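Accompanying notes for the structure given below.
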Amino acid sequence: MTSSANDYSGRYRESLALLGRAESAVPSQAQTFSKSWTQFPRGASPVFAERADGGFVWDADGHRYIDWPMALGPLLLGHNYPAVNDAVAAQLSNGAAFSLPTVAELVLAERLIDWFPYAERARFGKNGSDATSGAVRAARAVTGRDRILCCGYHGWQDWFIGTTTRGAGVPAAVSALTTPFPYNNIAALTELLETHSGAVAAIIMEPMGIVPPAPGYLEAVRDLATRHGAVLIFDECWTGFRIDLKGAFGKFGVAPDLACFGKALGNGVPISVILGRADVMDVFDEVFFSFTFGGDMLGIAAADAVLDVLEREPVLAHVDEIGSALMDGFRDLVEAHGLAENIGLSGYPGRHVMEFAGDGQDGLLLKSVLQQEGLARGVLAAGWHAPSYAHTHDDVKKTLDAYDAALGVIGDGIARNDLPQRLMGETVQAVFRKP
Ligand SMILES: Cc1ncc(COP(=O)(O)O)c(C=O)c1O
């Protein structure tokens, strides 16, 4: 019988003690849902991280893990990247925040306008949600229309999250103005635009989520948006710098009216940006998109340093190589363990996601056991990977060795019909529940 890596008693003692404390101090015990204990098998996983370097993270009990979520994607260069750290430290000693606009924010805006051929203006935010929500407001203002059609995940603000199963607290009247549409289905989008003819302010979408666009799909979306007078917004918070240095435009050759970038732009230092055509962006003269830390200098300095690195180092080639090795190796292991009907993998080297068969609980149980066994062997993942410039082939090998053992536990648990008993913690929760 393939056994678990250990019995877990005591392995996560400090994390679990901190979790107990957090129950009295922090609602949901985390600041970000996807980092919380709900996404890791509670009792058989770390809950709190303490430090990170390169492609590694250390938990509160002192265990080191190969870090695959990389803080939900921003760490494209890896944790603690020297050129970014140096730029941030240098800026810190020259002032972190000012009472006037800064030269550096202007220079970064100009640099991004040069970087993306369709961009004529730039406005900065701190989170991806700032950028997507600002872009949506601009689209509403410039078109005088209210309805938003969306595809993908776009952040925590009312206009989007109200369409999901995590929309508590969002007025129904707000949620009713946003309609999700399925990816790669031009007929569905066409129908929605006809149903809401003359009322759609914006089509906002992740130009590629996990699966690539079908041939001609993005071009057809572009054409529909133009014909219906809707602003086309590409949400590139994930794709930005991971599919191509020029994002979806570079990869697929389709230009949006507005684009939103976040995550990797600052390599972990918060900064996001809305880029786009002048005739739409200039509505920000009137539209209120303004906050104390808009243009804060640490994010600006980090982003400028990130762009320098992306220009001079083979970041994407490396991420593609590491990611491809991880994807190929994982698929081979799943096949070798006879689990191809239970576990799949989709996506691209820079971001790929496992699929666990079985409705609801069964799929989540598979995911939880895989996480538990990976964690016990030094691999932090939540069913997906976001490789970085810091990850190495050795990390891939160690990760695949850990998954080999983990899949052995799963295969054995399925064969003996006792998979639930293999899980030493709680089953993880779905980020968005089934409605
Ligand atoms: C595609 C996409 N858009 C927007 C956001 C929101 O970004 P943030 O969480 O930084 O507000 C995210 C966050 O995961 C995202 O993946």
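Whatever order the structure lists ligands and atoms in, that order sets their numbers, starting from 1. Keep in mind that the numbers below use all heavy atoms, side chains included, and drop hydrogens, waters and symmetry copies. In this text the structure is predicted, and so the values were computed from the model without any measurement.
Distance check: F40 CZ to K35 NZ gives 10.5 Å after rounding to the nearest 0.5 Å. Atom-to-atom distance recorded for I233:CD1 and I203:CD1 is 9.5 Å, nearest 0.5 angstrom.
For F289 and F291, the ring centers are positioned less than 6.0 Å apart.
When the shell of 6.0 Å around CD of E286 is examined, it contains 12 or fewer heavy atoms from other residues, nucleotides or ligands.
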**Message:** Run the ring-ring contact (aromatic ring centres under 6.0 Å, His included) test on Y403 and F330 for me, step by step, so that the C-alpha distance in whole Å, both residues' side-chain angles and the decisive distance to 0.1 Å come before the verdict.
**Reply:** CA-CA 8 Å; Y403 282 149; F330 186 75; 5.3 Å; yes

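Partner R121 forms a salt bridge (charged side-chain N to carboxylate O under 4.0 Å, His left out) with one of D282, D279, D257, D285 and no other, that one being D282.
Near ligand 1, residues N127, G128, S129, Y153, H154, G155, E206, D235, C237, W238, K263 come within 4.0 angstrom through at least one heavy atom.
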